Amino acid sequence: MKELVEKLYSGQDLSDSELAELINDRDDETAELLRIRADEVRQRYYGKKVFLRGLIEVSSHCKNDCLYCGIRRSNRDADRYRLDREMILSCCENGYSLGFRTFVMQGGEDSFFTDELMCSIISEIREKYPDCAITLSLGERSRESYRLMKEAGADRYLLRHETASPELYRRLHPAEMSLDNRIRCLFDLKELGYQVGSGFMVGAPFQTTEDLVTDLRFLQKLQPQMIGIGPFVPHHSTPFAEEKGGTLELTLRLLGILRLMFPKVLLPATTALGTIHPMGREMGLKTGCNVVMPNLSPVDVRKKYDLYDNKICTGEEAAECRHCLDRRIVSAGYEVASERGDCADFTI
Ligand code: SAM
């Protein structure tokens, strides 16, 4: 199995069956070699730098009904909130003073955030913080909406494809959602000049190794600047409440594989990874990750952005969150980079 790691390391690709073999392998020595090679490749392009993204969770209202997600519209127990313009701007002000140079506005698909409102918030942030990157993660919108928000000053967009297998997509989403539309959104975003982030959950219900290989092949086609993966974590008020969550081992294995297949990509050590293991994010950083996303949302709404059970980082103020992550980055042997942190492959 170690030969497969070396082959992926030197050639950035494997056949479908080799990828499946490497994903299914559970040997500790192979996992350690994959980690070492992934770290070597991340250090070749990014040194020891870890980029920070200040995450502002703008709304827990969502018109969608994804079966895995705690803020799905059918969850009557969800405590809904949305931030107004002043609150979002005050998060940015706080974030800027804490050294963040990327703001990520993420939320459920909330029709309150019309193009007009989003564009005016984006323009104001752009004007106040010309040295910062503005990232959006607001789900599926029209090409025209993406165009207007880009014109207003947005730089990046995060939209996980969730799964590139049509059959699995249907089992994870309600009938009115479609994989074709999600893929349309991603290619529109790329064509419009956004730096794009995509990705998937590891260990989602019904997911097979073949589905994961399909995800890797889709990412090769899309060539995103960022790839966000994290374990599926069940939420008690969803149809998947009783399903098993994704494991640390498999998530780390896929992170290592992704780093070798996409040497220059931005790869976050996600909150979900930190949720399933207290050292999950540190282990992610040591396996090729080079981004973390500290929470900048006001503390009183944090618990309401309740995507999955036991989500971490819901109690601290932004400053505490930042300092906690700083300590974790340094303890893992890396350094905090207070800069926009663009992808090494993307020229702006
Ligand atoms: N509405 C936007 C969208 O669809 O991209 C952004 C918000 S959505 C809640 C952000 C991400 O949370 C999703 O892409 C999904 O992968 C992740 N997520 C949702 N439920 C999850 C769960 N139970 N476990 C792990 N990740 C989850």
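Keep in mind it's a predicted model, so treat the numbers as computed, not measured. Indexing begins at 1, ligand by ligand and atom by atom, following the structure's order.
In terms of protein heavy-atom proximity, atom 17 (C) of ligand 1 is closest to Arg160 NH1, 3.9 Å. The protein atom (non-hydrogen) at minimum distance from atom 14 (O) of ligand 1 is Glu162 OE2, 2.5 Å. Given atom 8 (S) of ligand 1, the protein heavy atom at minimum distance is Tyr305 OH, 4.4 Å. With hydrogens left out, the protein atom closest to atom 24 (N) of ligand 1 is Val233 N, 3.0 Å, a heavy atom. Considering only non-hydrogen protein atoms, atom 3 (C) of ligand 1 sits nearest to Arg182 NH2, 3.6 Å. Among protein heavy atoms, atom 20 (N) of ligand 1 sits closest to Tyr68 CD1, 3.4 Å. From the protein, the heavy atom lying nearest to atom 25 (C) of ligand 1 is Pro231 O, 3.4 Å.
Contact annotation: for Tyr157 versus ligand 1, there are no heavy atoms closer than 4.0 Å. Using a 4.0 Å cut-off between heavy atoms, Pro234 makes no contact with ligand 1 at all. At a 4.0 Å heavy-atom cut-off, ligand 1 does not touch His235 at all. At a heavy-atom cutoff of 4.0 Å, ligand 1 is contacted by no atom of Ala272, backbone or side chain.
Each of the atoms 6 (C) of ligand 1 lies under 4.0 Å from some heavy atom of Ser137. Near Leu159, meaning under 4.0 Å from any of its heavy atoms, are these atoms of ligand 1: 5 (O). Close approach of ligand 1 to Gly139 (heavy-atom distance below 4.0 Å) involves ligand atoms 2 (C), 3 (C). Numbered from 1 in the order shown, with element, the atoms of ligand 1 that lie under 4.0 Å from a heavy atom of Phe232 read 23 (N), 24 (N), 25 (C).
For the ring pair (Phe, Tyr, Trp, His ring centres under 6.0 Å) criterion with His161, the lone passing option out of Tyr169, Phe218, Phe187 is Phe218. Considering Leu219, Leu159, Ile227 as possible partners of Ser198, the one that fulfils the side-chain contact (heavy atoms from CB on, under 4.5 Å) test is Leu219.
Counting only non-hydrogen atoms, the option in Ala241, Gly107, Gly70 that gets closest to atom 6 (C) of ligand 1 is Gly107. When Leu307, Asp309, Leu138 are ranked by how near their heavy atoms come to atom 12 (O) of ligand 1, first place goes to Leu307. Of the candidates Glu243, Met201, His161, the one placing a heavy atom closest to atom 21 (C) of ligand 1 is Met201.
A side-chain donor-acceptor contact under 3.5 Å links Arg53 to the backbone of Gly341. Judged by distance alone, the side chain of Ser237 and the main-chain N or O of Asn75 form no donor-acceptor pair under 3.5 Å. The backbone N or O of Arg101 sits nowhere less than 3.5 Å from a side-chain atom of Arg340 that would complete a donor-acceptor pair. Proximity of a side-chain donor or acceptor of Gln223 to a complementary backbone N or O of Gln220 within less than 3.5 Å is detected.
Residues Phe232 and Tyr68 place their aromatic rings such that the two centres sit no closer than 6.0 Å. A centroid separation of 6.0 Å or more is found between the aromatic rings of His61 and Phe112.
Residues Arg259 and Asn290 are in side-chain contact: their nearest non-hydrogen atoms beyond the backbone lie under 4.5 Å apart.
By the 6.0 Å contact criterion, CD on Glu29 is open, its count of non-hydrogen atoms from other residues, nucleotides or ligands being 12 or less.
Side-chain contact check for Asp211 and Thr208: at least one donor-acceptor pair (N or O, by modelled atom type) lies under 3.5 Å.
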